[in-house]
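One-based numbering along the sequence shown.
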Amino acid sequence: YQPQSPAGLSPPDVLALALEGISGLTLRSYQSDWRHFASWQGKHDAQDALQSLIANGQGNAQRTLYAYRQAMLDAKFAPSTINRRIAALRYVVRATRRAGLIGWTVDVQGVPCKGIRDTRGPGQEAMQAMLAGETDPRRLLVLRLLHDMALRRAEAVALTLADVETGENPRLWVWGKGKHERLPLT
């Protein structure tokens, strides 16, 4: 098997390959990351920058991404921003490889991140106090959805009456992270 040379692949084709299967929030972040990479490369748009990254081969792509990572470190970008931007570019390379247009990938490591913030929530006592002190039924419902059903904020605010099934087997249908399929909660 010999992969096709990416030389004949137009910039919109590279971008189109990369866009397949990305959720909305990830897509917006990656598009911003690709624009930043293009700006760093002195390109007018992300498509040109991505095409150049792919067309110059594995060694050059690897060196380019390490230089880009170092430039972001020198500019004091947050490690999570650097890692996301590098991941967005690795995603483009993987998508191009999966399409059979190249036979290689890049292996640029991210930078170490400090621990993430505490996401444990308010705890049982504080949650009970919030529930006991709340009289507005809508706010009470939101608290119950977030805590008892472990919904993410975006999942809770996206709910409609069509997502609620009543009857013998009551269910709540929630679009999970990535919004690829609805998940039943009982």
Side-chain angles (χ1 to χ4, degrees), residues 14-39 46 50 65 68-69 72-73 75-99 105-186:
V14 171
L15 198 54
L17 286 172
L19 295 177
E20 291 179 6
I22 297 181
S23 73
L25 289 175
T26 303
L27 175 61
R28 282 190 292 280
S29 294
Y30 278 11
Q31 286 173 328
S32 172
D33 297 336
W34 296 332
R35 283 191 303 271
H36 184 268
F37 177 69
S39 175
L50 298 175
L65 293 186
Y68 180 51
R69 183 183 79 163
M72 289 188 288
L73 283 168
K76 306 282 190 236
F77 280 94
S80 59
T81 300
I82 295 170
N83 291 340
R84 191 195 67 238
R85 287 183 173 162
I86 294 297
L89 295 166
R90 283 193 310 242
Y91 183 86
V92 170
V93 173
R94 280 194 318 269
T96 308
R97 181 180 49 84
R98 280 192 309 268
T105 189
V106 289
D107 185 29
V108 177
Q109 299 300 312
V111 295
C113 287
K114 293 181 181 171
I116 60 171
R117 60 188 165 82
D118 182 3
T119 58
R120 291 177 292 181
Q124 279 302 109
E125 285 182 26
M127 188 65 201
Q128 292 302 323
M130 283 191 285
L131 292 172
E134 188 55 65
T135 57
D136 180 1
R138 291 176 69 189
R139 289 183 182 176
L140 196 55
L141 174 64
V142 170
L143 286 173
R144 289 280 185 198
L145 288 170
L146 294 172
H147 182 265
D148 299 353
M149 306 287 291
L151 294 187
R152 296 174 181 90
R153 180 195 54 82
E155 292 168 343
V157 298
L159 289 173
T160 66
L161 286 176
D163 297 320
V164 179
E165 281 184 17
T166 58
E168 194 171 312
N169 289 325
R171 292 182 193 187
L172 181 64
W173 290 88
V174 177
W175 285 98
K177 189 172 180 179
K179 298 180 176 52
H180 295 293
E181 63 180 310
R182 285 181 14 150
L183 306 171
L185 301 176
T186 56

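Listed by chain and number, the residues in a ring pair (Phe, Tyr, Trp, His ring centres under 6.0 Å) with Tyr68 are His36, Phe37, Trp40 (sequence neighbours excluded). Here Asp136 pairs with Arg139 under the salt bridge (charged side-chain N to carboxylate O under 4.0 Å, His left out) rule; sequence neighbours left out. Considering only residues two or more places apart in sequence or on other chains, Asn169 meets the side-chain contact (heavy atoms from CB on, under 4.5 Å) condition with none of them. The side-chain contact (heavy atoms from CB on, under 4.5 Å) test applied to Thr105 returns Val93, Arg94, Arg97, not counting sequence neighbours. With sequence neighbours excluded, the residues forming a side-chain contact (heavy atoms from CB on, under 4.5 Å) with Arg171 are Glu165, Trp173, Pro184, Thr186, listed by chain and number.
For residues 27-37, the set of pairs meeting the salt bridge (Lys or Arg N to Asp or Glu O under 4.0 Å) definition, not counting sequence neighbours, comprises Asp33-Arg84, Asp33-Arg85.
Taken from OG1 in Thr81 to NZ in Lys76, the straight-line distance is 14.5 Å, to the nearest 0.5 Å. Within the model, atoms CG of Asn83 and CD of Gln109 stand 10.0 Å from one another, a figure rounded to the nearest 0.5 Å. Distance OG1/Thr166 to CG/Leu172: 12.0 Å, rounded to 0.5 Å. Of the inter-residue distances, the one linking Glu155 atom CD with Leu183 atom CG reads 8.0 Å to the nearest 0.5 angstrom. Separation of atoms CG (Leu185) and CG (Leu145) is listed at 9.5 Å; rounding is to 0.5 Å.
Pairing each heavy atom of Pro79 with each of Cys113, the nearest pair is CB-SG, 3.6 Å. Scanning both residues, Asp163 and Ala158, for their nearest heavy atoms gives OD2-O, 3.9 Å. Across all non-hydrogen atoms, the minimal contact from Trp34 to Ala88 is NE1-O, 3.0 Å. Among all heavy-atom pairs drawn from Val108 and Arg90, the shortest one is O-NH1, 2.5 Å. The two residues Pro122 and Met130 come nearest to each other via the heavy atoms CG-CE, 3.6 Å.
A heavy-atom distance below 4.5 Å is found between the side chains of Arg144 and Leu131. Side-chain contact between Leu89 and Val106: absent, with no pair of heavy atoms (C-beta onward) separated by less than 4.5 Å. Counting heavy atoms from C-beta outward, Arg69 and Val111 have side chains that approach closer than 4.5 Å.
A side-chain donor from one of Gln124 and His147 sits under 3.5 Å from a side-chain acceptor of the other.
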